[in-house]
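Note that these values count all heavy atoms, side chains included, but never hydrogens, waters or copies made by symmetry. The first residue of the sequence shown is numbered 1, and numbering continues consecutively from there.
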Amino acid sequence: ATDATVARRLLPEVEWPEPKWRSVTNLYYAADQSPANEPIICLNGSGRGIVNNVCALTDASSEYAADGRALISVSVLGINDDQDLPDSVKRELVVWFGSEVKQWEHLRTDRIIRALPEQLPNTATTEQKNKIQTQTGIYLCGDYCLSASIEGAVISGKQVAVAIQNNQSASKTYPAQI
């Protein structure tokens, strides 16, 4: 399981186009409470502003924050090096969630250059996307194998696990029952 660029380097015989990458700047905040109070991703549907989505990670699992506060993840598309970015994000999110956002504590900012492979329509054939076994014992899985998303990566990983399990089951011999 690796990204498409590394897979190409490790397996040069696999005919896969060199991916272009989408980048993201991800900011994390601690808050007294979740702005959503449910395990969802809040998407920016307005077409305005810099925030793409917001998720209270602790709504999915309280274990993400040992101190009982909410851990908030905010995604901004592209690499943003603005020193005022944490405060700009909070000002924008006050419109989404109210004045409680002003109290959020900025914890860190991650700039992820290769967040997702760019996946435009028809960037890979169905045959390429469904190719999980390249040769005996070597399997490919990752978001580039299905869809450029967490869901694509998870489904791809599950497909490889099933394929490995099926191959192992087919090759096992069992003693006869007496």
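Taking hydrophobic clusters as Ile, Leu, Val, Met, Phe, Trp and Tyr residues chained together by side-chain heavy-atom distances below 4.5 Å, L57 does not share a cluster with L27.
By the 4.5 Å side-chain criterion applied to Ile, Leu, Val, Met, Phe, Trp and Tyr, L43 is assigned to a cluster that also includes I41. Through chains of ILVMFWY side-chain contacts below 4.5 Å, I112 is grouped with V24.
Atoms CG and CD1, on L93 and I72 in that order, are 9.5 Å from each other to the nearest 0.5 Å. Atom CD of Q33 and atom OG1 of T58 lie 11.0 Å apart (nearest 0.5 Å). Atom CD of residue E92 and atom CD1 of residue I50 lie 5.5 Å apart, to the nearest 0.5 angstrom. In this structure, CG on L85 lies 4.5 Å from CG on N80, to the nearest 0.5 angstrom.
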Report task. Take V94 and E100 through the test side-chain contact (heavy atoms from CB on, under 4.5 Å) and record every step on the way to the result. Result -> CA-CA 7 Å; V94 164; E100 69 184 53; over 6 Å; no

Report task. Kindly indicate, with the supporting measurements, whether the criterion side-chain contact (heavy atoms from CB on, under 4.5 Å) is fulfilled by L77 and R22. Result -> CA-CA 8 Å; L77 299 181; R22 300 282 175 136; over 6 Å; no

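For the side-chain hydrogen bond (donor to acceptor under 3.5 Å, both in side chains) test, residues two or more places apart in sequence or in another chain that qualify with S75 are N26, N53. For the side-chain hydrogen bond (donor to acceptor under 3.5 Å, both in side chains) test, residues two or more places apart in sequence or in another chain that qualify with S149 are S147. Applying the side-chain contact (heavy atoms from CB on, under 4.5 Å) rule to V162 yields the partners N166; only residues at least two apart in sequence or on another chain are considered. Annotation: side-chain contact (heavy atoms from CB on, under 4.5 Å) contacts of D84 (sequence neighbours excluded): D82, D87, S88, R91. When the side-chain hydrogen bond (donor to acceptor under 3.5 Å, both in side chains) test is applied to R108, the partners found at least two apart in sequence or on another chain are D110. Applying the side-chain contact (heavy atoms from CB on, under 4.5 Å) rule to C42 yields the partners A36, I40, V54, W96, F97; only residues at least two apart in sequence or on another chain are considered.
Closest of all the heavy-atom pairs between V76 and V51 is CG2-CA, 4.4 Å. Closest of all the heavy-atom pairs between I79 and T25 is CA-OG1, 3.4 Å. Nearest heavy atoms, A148 versus L116: O-CD1, 3.7 Å. The nearest pair of heavy atoms linking Y139 to V160 is CB-CG1, 3.6 Å.
Within the structure, salt bridge (Lys or Arg N to Asp or Glu O under 4.0 Å) pairs that include any residue of residues 137-160 do not occur (at least two apart or interchain). The list of ring pair (Phe, Tyr, Trp, His ring centres under 6.0 Å) pairs with a residue in residues 25-58, not counting sequence neighbours, reads Y29-W104, Y29-H106. Under the salt bridge (Lys or Arg N to Asp or Glu O under 4.0 Å) criterion, no residue pair touches residues 29-50, with sequence neighbours excluded.
Distance alone, capped at 3.5 Å, places no donor-acceptor pair between the S23 side chain and the G78 backbone. Judged by distance alone, the side chain of K90 and the main-chain N or O of K102 form a donor-acceptor pair under 3.5 Å. For the pair S34 (side chain) and A56 (backbone), a donor-acceptor distance under 3.5 Å is absent.
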Can you give the donor-acceptor pairs under 3.5 Å from side chains of residues 62-71 to other protein atoms, not counting sequence neighbours?
residue, atom, partner, partner atom, Å
D67, OD1, R69, N, 3.0
D67, OD2, R69, NE, 2.8
D67, OD2, R69, NH2, 3.1
R69, NH1, E105, OE1, 2.8
R69, NH2, E105, OE1, 3.3

